[in-house]
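Structure record follows, encoded as C-alpha cells.
We number each residue from 1, following the sequence as shown. Keep in mind that this is a model prediction, so the values were computed, not measured.
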Amino acid sequence: MAKKRFTPIPPMAELPPAEEINVREILDKYLSGEIDLICVLGPTASGKTRYAVQLARRINALLEDRVERVASEDRATRGTEDGVASNQQIAQWAFEASSSKRSGGVSEANVRAATLSAPPCAGAHAEMISADSRQVYRGMDIGTGKDLNEYEEIPYHLMDIVDAGTKYNIFEYQRDFEKAYKDIRERGCIPILCGGSGLYIEAATCGYSLPEVPADPELRAELEKESDEELIARLAALKPLHNSTDYDTRKRLIRALEIAIYEAEHPVRRTAYLPKNTYYIGTLVSREERNARIDRRLDARLEEGMVEEIRGLLNGTHPALIKNGISASACGDKDAGSKAIPAEDLIYYGLEYKFVTQYIIGELTYEQMRTALATAIHQFAKRQMTWFRGMERKGIRIHWTEV
C-alpha cells in the first residue's frame with residue numbers, strides 16, 4: 001500500500017507591519033489641505049471604534065491648544081479685542097492659508113482659516129461618520145454592535161437613519177455620506193470615517209458616483225430561470241467576488257447581478273463633493289486575538305439581550321418599531337402601531353440576525369446558533385481583512401497600527 005503523501009497546512013498570511021500613528025502630523029496634513037478625510041478601518045473586534053473615538057479626542061485637544069495659542073498671538077499682534085477676529089481679518093487669514101497651501105507649507109494661517117473662517121463646531125472639532133452597512137438601521141443595536149456608549153461627547157452620523165426591515169443600499173449610503181461629509185466640513189469640523197464595511201468605505205473615499213439601479217422585472221424573471229451556480233458564474237464575470245454576502249441568498253444574488261449588469265452598461269463618473277485624499281488607519285490584531293475577542297463579545301451580547309432584541313423585531317414589539325409609543329393592539333389601528341419584520345427579511349441582514357432568527361423560529365438549537373454564529377463571524381472578519389489588503393493592492397496606503 002502506497003504511503004499517503006503528507007500535505008502541510010499552509011501558513012497564515014502575515015499581518016501587515018504596524019506603525020506608530022502621529023496624530024499631530026495627521027492634523028497638520030488636514031489643516032494644510034494635504035488630506036481631506038481620516039478613515040479608521042479594520043475587521044470586526046479589532047477595536048476600531050474605540051481607537052477612532054480616542055483619535056477624535058486627541059485631535060480636539062490639539063485643536064483647542066492651537067486655537068488658544070492663535071487667539072493669544074492675535075490679541076497681541078493684530079489688535080483684536082478678546083481674540084475676536086473681524087471679517088476682514090478672517091478673509092486675510094484665508095488668503096494666507098491658500099498661499100501657504102499652494103507653496104506646500106503648513107502655517108498658523110492654515111490653522112486660523114480652518115478653525116476660524118467657518119462657524120465653530122459645537123462641542124467637538126472632530127465628528128464620526130459610520131461606515132457600517134447595518135448600523136444605519138434603527139433598533140438593530142446589540143446585533144450590529146453600535147456601542148454608542150463609546151462615543152460620549154463625540155458627534156456621530158449615519159447610524160439609526162432608516163427603519164429596520166428596509167433594504168438600504170450602497171447608492172443611498174454614498175448619497176448620505178456625501179451629505180454628512182459636506183455638512184461637517186462646512187461647519188469647520190474634521191470628519192473621521194470609521195467602520196469595517198469595505199464596500200461602503202470605498203464608495204465614500206474613492207470618489208466615484210454610484211448609479212441608483214432601478215428594479216428590472218424582466219431581467220429578474222430571466223435570472224430566476226438559472227441555477228445559483230450559473231448566476232454566480234455570471235456575477236464573477238462582471239465583478240470580483242470579494243465578499244460571499246453578494247450571493248449568500250438567491251434573492252441577494254439576483255439583485256447583485258442586476259446591479260452589476262446595470263453598472264456594466266452605465267460607467268461610473270467622478271462626484272463633485274467626495275473626499276479625494278483620505279488618510280487611512282487600520283486597526284491591527286492577530287487572528288487568534290481577534291477570534292478570542294469575537295467569542296467574548298458574542299457571549300456578552302447574548303447576555304445583554306441580543307435574542308430579545310431580535311425577537312422584538314420579529315414580533316413587532318421592539319420600541320423602534322412602535323410609532324408614537326402606541327401599539328397596534330392598544331389602539332386597534334394596524335397602521336398606527338408597530339410592524340413586525342418577517343423572518344426572511346431579518347435573515348437577509350446576515351450574521352447575528354440570520355442565526356438568531358433561525359434559533360427563534362426553531363430551525364436551530366441555542367448551542368447550534370451560538371457555534372454557527374461564532375464561526376460565521378470569524379469567517380466574516382477574515383473576509384474583511386482580505387478586502388482591506390485588496391485595497392492596498394489597488395494602491396491605497398493604509399497605516400496599520402496595533403490597538
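- Remark: the backbone N or O of His378 is not paired with any side-chain donor or acceptor of Asn291 at under 3.5 angstrom.
- No more than 12 heavy atoms of other residues, nucleotides or ligands lie within 6.0 Å of CD in Glu402, so this atom counts as exposed by the packing criterion.
- A ring-centre distance under 6.0 Å is found for Tyr279 and His399.
- Under the 3.5 Å distance criterion, with hydrogens and angles disregarded, a donor-acceptor pair is assigned to the side chains of Asn315 and Thr317.
- Two residues are said to be in side-chain contact when any heavy atoms from C-beta on lie closer than 4.5 Å; Ile38 and Tyr280 fail this criterion.
- Taking both residues in full, the closest heavy atoms of Lys146 and Asp141 are given as NZ-OD1, 2.8 Å, listed atom of the first, atom of the second, then distance.
- Around atom NZ of Lys167, more than 12 heavy atoms belonging to other residues, nucleotides or ligands sit under 6.0 Å away.
- Comment: Asp160 does not engage Arg138 in a salt bridge, judged by the lack of any side-chain N to carboxylate O separation of less than 4.0 angstrom.
- For the pair Gln135 and Met140, the minimum side-chain heavy-atom distance is 4.5 Å or more.
- A donor-acceptor pair is defined here as one N or O able to donate and one able to accept, closer than 3.5 Å; no such pair exists between the side chain of Glu150 and the backbone of Arg50.
- Residue pairs meeting the salt bridge (charged side-chain N to carboxylate O under 4.0 Å, His left out) criterion with at least one partner in residues 367-378, sequence neighbours excluded, are Asp299-Arg370.
- Between Tyr349 and Tyr137, the two ring planes are tilted [angle within 30° to 60°].
- Remark: the Ser46 side chain and the Thr283 side chain contain an N/O donor-acceptor pair separated by less than 3.5 Å.
- In this structure, Arg24 places its CZ atom where only 12 or fewer heavy-atom neighbours from other residues, nucleotides or ligands lie under 6.0 Å away.
- Closest non-hydrogen pair, Ile190 versus Ile59, comes out as CD1-CG2, 3.8 Å.
- Between Glu344 and Lys251, some side-chain heavy-atom pair lies under the 4.5 Å cut-off.
- Looking at His157 and Glu127, their side chains do bring a donor and an acceptor atom within 3.5 Å of each other.
- Between the Gln368 side chain and the Thr365 main chain, a donor and an acceptor come within less than 3.5 Å of each other.
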